[in-house]
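Because the structure is a prediction, the values reported are computed rather than measured. What you see below is based on every heavy atom in this structure, not just the backbone, and it leaves out hydrogens, waters and symmetry mates. Here, residue 1 is the first one in the sequence, and each next residue gets the next number.
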Amino acid sequence: MTSSTVLCGYGGWLPKHPAIYKAFIDHLVQRALRRSADSTLHEPAVAAFGEAIQGDPVMKSLFDQVFLQVDRRNQVTDFEHLLSFLDCIIVTAPKYEVAIDDNGNVIGEPIGVPIYLIFDLLSNTAAAYDLFRMKEFNRALKALLENWGKFLMEPGSNLTLNTTDQGWFGEAGITSLETHLGKYSFEQTYKCPDAAADNRGFTTWDAFFTRAFHDGVRPIVTIDNHPVTYPGGLHTRAVVEPTLIYSACESTVLRIRRDVKQHDQFWLKGQQYSLYNMLNRSDYYAKLFEGGTVYQAFLSPLDYHRWHSPIKGTVTDIVVVDGTYYAVLPDAGADKGDPDLPEGDPHGALIRSQPFLTIEAARVLIYIKSEDINIGTMCFVGVGMAEVSTCQVTVKKGQAVEPGTELGMFHFGGSSHALVFSKETEFHEGDEIKEGKHVWVNSVIGVATHKQNSE
């Protein structure tokens, strides 16, 4: 099923209220000032990142250009200022930010991806487009993110998991976490080590982020008990019974594209899928899926972050691809009619670049072969975005999977994913599956039929 609420276009990645963004930056500035009064040394991981950038003439020059090109609304004034912010972020867990709006009301929103917020405007520049795609830059950044990830797996990283106003289990925080849980509470939905405790028994931030569902919370339905509406007489035209396709992630539908090409260009607005680049420059797989369909949806930092198989089949190949973390397609800002930002607002270019991220970002490719003639071989693409530095696979090559079998999980932030079908599969999305719709994992997103005369 789908939840009744439509997620906003930036789905928890950017604060909806400007006051929250300002409060986050103001608190970060205050923390950085207090820290600098006590020590002039950077955190070791931050120092190593800084040395890697400053020690490379090309990267240093490009970063200098980034700060000259960035929009005037940017709050990170120079490279040293950026490092001071990173010093504060990597020793704490993400928290729930509280502020006062222009009308004097107390408001709150989660800051699930704090590093992304300070890179956001910097990334939307021509210089960052070059810099943030460099292997040397991403190697240095990956080391920094992995250091923060290690902290988030340690006891003590759970301090923001509490019932205060700035805690994830405070009144406002728990309301956000339960936005798309339907009739169930957080505790009824997720396995909590101690549901009565302020931190719900999660001993680390990562344990909270990768939390699992209770058994039966997201059940798999079958063709017998799911009311499938076949568009345009599909059922009578199908050679065999159509096959249900399930949502692999708890996510918001981004787009569906058909007749995708092996090679394509990514321009500012078009962002067509390029299979050769998406599938790690494999000629074999690019040719296999040429002319097929790509379904893409993205996860909010508030969502469940485990992936589940959308079909029955056997895992035939697993490919982990190192990529970028903050590279975007620079643009002129939000389009007219953007649901969250005024026209021309430069924030959120990473979110507007999600199709582009399928060819640039760190990602994992899991190929599943089905004996079902309607499907054949398909590919699940897990895309790590921003500070999501780990795509953990929990299945093995040669393993048989059923719809709903766990494939793996994301760590530390938000993310995106895609399902890629071959040209021999005709994917028909359900009537409810529209761009901007939040969809539960394991729910039916459509049906597949074998495309006749596909040879």
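Arg211 contributes a side-chain N or O that, together with a main-chain N or O of Phe208, makes up a donor-acceptor pair within less than 3.5 Å. Panel note: side chain Arg363, backbone Thr358; a donor-acceptor pair is recorded below 3.5 Å. Side chain of Asn442 to backbone of Ile220: no donor-acceptor contact under 3.5 angstrom is found. Checked by atom type and distance alone, the side chain of Ser353 pairs as donor or acceptor with a backbone atom of Ala349 at under 3.5 Å.
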For this session: Using the side-chain contact (heavy atoms from CB on, under 4.5 Å) rule, take Val439 and Val253 through it: C-alpha gap first, then chi angles, then the decisive distance, then the call.
Result: CA-CA 7 Å; Val439 181; Val253 181; 3.7 Å; yes
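Contact annotation: the side chain of Phe63 approaches that of Ile53 to within less than 4.5 Å [non-hydrogen atoms, C-beta and beyond]. At a threshold of 4.5 Å between non-hydrogen side-chain atoms, the residues Val315 and Tyr367 do not count as touching. Contact annotation: the side chain of Ile245 never approaches that of His428 to less than 4.5 Å [non-hydrogen atoms, C-beta and beyond]. Side-chain atoms of Val66 and Gln69, non-hydrogen and from C-beta on, never get closer than 4.5 Å to each other. Residues Val383 and Val381 form a side-chain contact, since some pair of their non-hydrogen atoms from C-beta on lies under 4.5 Å apart.
Between Phe79 and Phe67, the distance from one ring center to the other does not fall under 6.0 angstrom. Centroid-to-centroid, the aromatic rings of Phe410 and Trp307 come within less than 6.0 Å. Between His17 and Tyr21, a ring centre-to-centre spacing not shorter than 6.0 Å is recorded. For Trp168 and Trp205, the ring centers sit closer than 6.0 Å to each other.
A donor and an acceptor atom, one from each side chain of Tyr285 and Asp317, are located under 3.5 Å apart.
Counting heavy-atom neighbours within 6.0 Å of Lys95 NZ, excluding the residue itself, gives a total above 12. More than 12 heavy atoms of other shown residues, nucleotides or ligands fall within 6.0 angstrom of atom CZ in Arg258.
Screening Phe209, Phe213, Phe186 for a ring-ring contact (aromatic ring centres under 6.0 Å, His included) with Tyr304, the sole residue that qualifies is Phe213. For the side chain to side chain donor-acceptor pair (under 3.5 Å) with His438, the qualifying choice from Asp303, Thr179, Thr252 is Asp303, the only one to do so.
Listed here is the closest heavy atom pair of Phe132 and Phe119: CZ-CD2, 3.7 Å.
For the pair Asp283 and Lys287, the salt-bridge criterion is not met [side-chain N within less than 4.0 Å of a carboxylate O]. At a threshold of 4.0 Å, the pair Glu424-Lys451 does not count as salt-bridged, since none of the basic side-chain nitrogens sits closer than that to a carboxylate oxygen. Contact check on Arg352 versus Asp331 returns a salt bridge, with a Lys/Arg side-chain nitrogen under 4.0 Å from an Asp/Glu carboxylate oxygen.
Taking CG of Leu357 as the reference point, atom CD of Gln296 lies at 8.0 Å (rounded to 0.5 Å). Separation of atoms CD (Glu429) and CD1 (Ile445) is listed at 9.0 Å; rounding is to 0.5 Å.
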